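Presented below is the structure to which this report refers.
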Amino acid sequence: MFTATAITLIPEAWPGPLGASIIGRARAEGLWALETVDLRGFGLGKHRKVDDTPAGGGAGLVIRPDVAAAALDSVPRDGRPRIYLSPRGPRFDQNMARDWAAGPGVVLFCGRFEGLDERVIEARGLQEVSLGDFVLAGGDVAAMAMLEAAVRLLPGVAGNSASLTGESFETGLLEHPQFTLPRVWEDRPTPEVLLSGDHKRIEEWRLSRSKALTFDRRPDLYAAYSETPTPTAPETGDEPD
Ligand code: SAH
């Protein structure tokens, strides 16, 4: 079973949103497992100290390597990748979510303060992964976001696996716009083609909207999709054939 172990200074923040909705239900059904390891429990002395001032001076506190290693070493080595949530890592994306979901799970070290002593990152072979180009106060929210992306891809978690296949990034494109009832809302009608019942036309419309949207908003994704360095504007699908 896919198992996530989060090493954290705020175990009370877990499972957070991962305890709700489809992700929480899947956990209750035993489709994945989550455990937290309280880093404070490995702290030193009466005050369970986990951090100290940066060598060389400067602001803030750095998590000690001996304390971090003791917490990491308390988790059995079972082949799961060991991740350090860090703005310095490669950015998490749907491909990584898919890789994680295909494996046995992950061990996630959630940093705090100014981060982790470099030596433990090296000595324990931690893989740094970032949620994006911004700085959070800790790794927990990043770890939860990444787990949510991976767990919803596990078999049986998202009710209808077909609902995963056309999604943004899965095809290399952003998803087409979605509509539901009512058919007219504030004078805005649902596109006629979606009410036509003609599945071939609907698929063509969706793909053309997907391409147009990706071209506009994410030229980088569109270029990779079309495999041309300078892609030409896609057909919008509005013109007659
Ligand atoms: N001084 C560090 C930032 C520390 S932020 C630097 O400039 O690189 C404190 C902790 O929050 C980090 O140890 C990391 O675990 C987490 N964190 C912050 N931003 C993150 C991001 N974009 N992705 C993943 N984790 C992040």
Side-chain angles (χ1 to χ4, degrees), residues 2-19 23 32 34-44 47-75 77 80-103 105-153 168-169 217-218 220-221:
F2 181 95
T3 301
T5 303
I7 301 173
T8 173
L9 279 168
I10 52 166
E12 69 277 13
W14 291 78
L18 302 182
I23 307 291
W32 70 291
L34 172 68
E35 47 195 42
T36 54
V37 172
D38 186 357
L39 183 61
R40 184 70 57 188
F42 298 87
L44 307 174
H47 298 294
R48 299 260 166 226
K49 196 172 165 59
V50 300
D51 52 14
D52 220 312
T53 53
L61 293 163
V62 175
I63 298 177
R64 293 176 57 114
D66 46 358
V67 173
L72 283 160
D73 295 345
S74 77
V75 181
R77 297 269 2 222
R80 287 182 292 162
R82 300 199 285 188
I83 309 297
Y84 171 43
L85 287 307
S86 159
R88 304 184 313 179
R91 270 194 304 241
F92 188 77
D93 63 12
Q94 191 69 11
N95 287 328
M96 267 192 237
R98 232 180 281 119
D99 283 351
W100 286 13
V106 281
V107 178
L108 300 155
F109 191 100
C110 305
R112 285 271 141 191
F113 319 123
E114 290 312 311
L116 194 48
D117 185 301
E118 190 70 19
R119 291 168 293 179
V120 72
I121 301 175
E122 287 171 19
R124 292 299 179 273
L126 303 185
Q127 258 173 267
E128 296 187 54
V129 180
S130 171
L131 188 62
D133 289 348
F134 43 78
V135 180
L136 298 164
D140 297 82
V141 168
M144 286 179 198
M146 295 175 194
L147 273 181
E148 186 164 308
V151 168
R152 68 192 285 282
L153 299 177
S168 295
F169 310 113
R217 297 188 187 176
R218 291 292 303 274
D220 58 322
L221 287 183

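All residue numbers refer to positions in the sequence shown, counting from 1. This structure is a prediction, so every number in the text was calculated from the model and none was measured. Both counts, for ligands and for their atoms, begin at 1 and track the order of listing.
F42 pairs by the ring-ring contact (aromatic ring centres under 6.0 Å, His included) definition with nothing, not counting sequence neighbours. The side-chain hydrogen bond (donor to acceptor under 3.5 Å, both in side chains) search around R80 returns T5, D78, not counting sequence neighbours. Remark: E35 engages no residue in a salt bridge (charged side-chain N to carboxylate O under 4.0 Å, His left out) (not counting sequence neighbours).
From D51, atom CG reaches atom CG of L44 across 10.0 Å, with rounding to the nearest 0.5 Å.
If you look at ligand 1, the protein residues with a non-hydrogen atom under 4.0 Å away are Y84, L85, S86, P87, G111, R112, F113, E114, G115, V129, S130, L131, G132, F134, V135, L136, A137, G138, G139, A142.
Using a 4.5 Å heavy-atom cutoff, the side chains of F169 and N95 are not in contact. With contacts defined as side-chain heavy-atom distances shorter than 4.5 Å, the pair F109/V120 does not qualify.
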